[in-house]
Peer 1: 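Before I ask anything, here is the structure I am working with.
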Amino acid sequence: MKNPSFLPPGTPPWITPELVEMTIRTWQPYYEDVITPTVAITMIQSVGQLFSVLRDSNETVCRARAG
């Protein structure tokens, strides 16, 4: 796939065209439909939200054990 030089408006600045390209390259073999840059951006943001929830949960557990 060519490097997607167009990122949709509202794409967070930390999501680079290279990250979008890597996401598409990584996940496309597992999807029947073509993964577009917009779909890849949604995937990246969803993983970021998952990590945030896991981090917050871990901090809560650690505080509970310490208290």
Peer 1: What's the separation between atom CD1 in Ile15 and atom CD1 in Ile44, rounded to the nearest 0.5 Å?
Peer 2: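 These two atoms lie 5.0 Å from each other.
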
Peer 1: Using the side chain to side chain contact (heavy atoms under 4.5 Å, CB included) rule, take Val20 and Ile24 through it: C-alpha gap first, then chi angles, then the decisive distance, then the call.
Peer 2: CA-CA 6 Å; Val20 171; Ile24 292 171; 3.9 Å; yes

Peer 1: Please give me the minimum heavy-atom distance between Leu7 and Thr16, naming the atom from each residue.
Peer 2: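 Result for this residue pair: CD1-C, 4.2 Å.
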
Peer 1: Return all side-chain donor-acceptor pairs below 3.5 angstrom for residues 26-39, not counting sequence neighbours, or 'none' if the list is empty.
Peer 2:
residue: Thr26; atom: OG1; partner: Met22; partner atom: O; Å: 2.8
residue: Gln28; atom: OE1; partner: Ile35; partner atom: N; Å: 2.7
residue: Gln28; atom: NE2; partner: Tyr31; partner atom: O; Å: 3.2
residue: Gln28; atom: NE2; partner: Asp33; partner atom: O; Å: 2.9
residue: Thr36; atom: OG1; partner: Val39; partner atom: N; Å: 3.2

Peer 1: What residues form a side-chain contact (heavy atoms from CB on, under 4.5 Å) with Ser52, not counting sequence neighbours?
Peer 2: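 Applying side-chain contact (heavy atoms from CB on, under 4.5 Å) to Ser52 gives Arg55, Asp56.
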
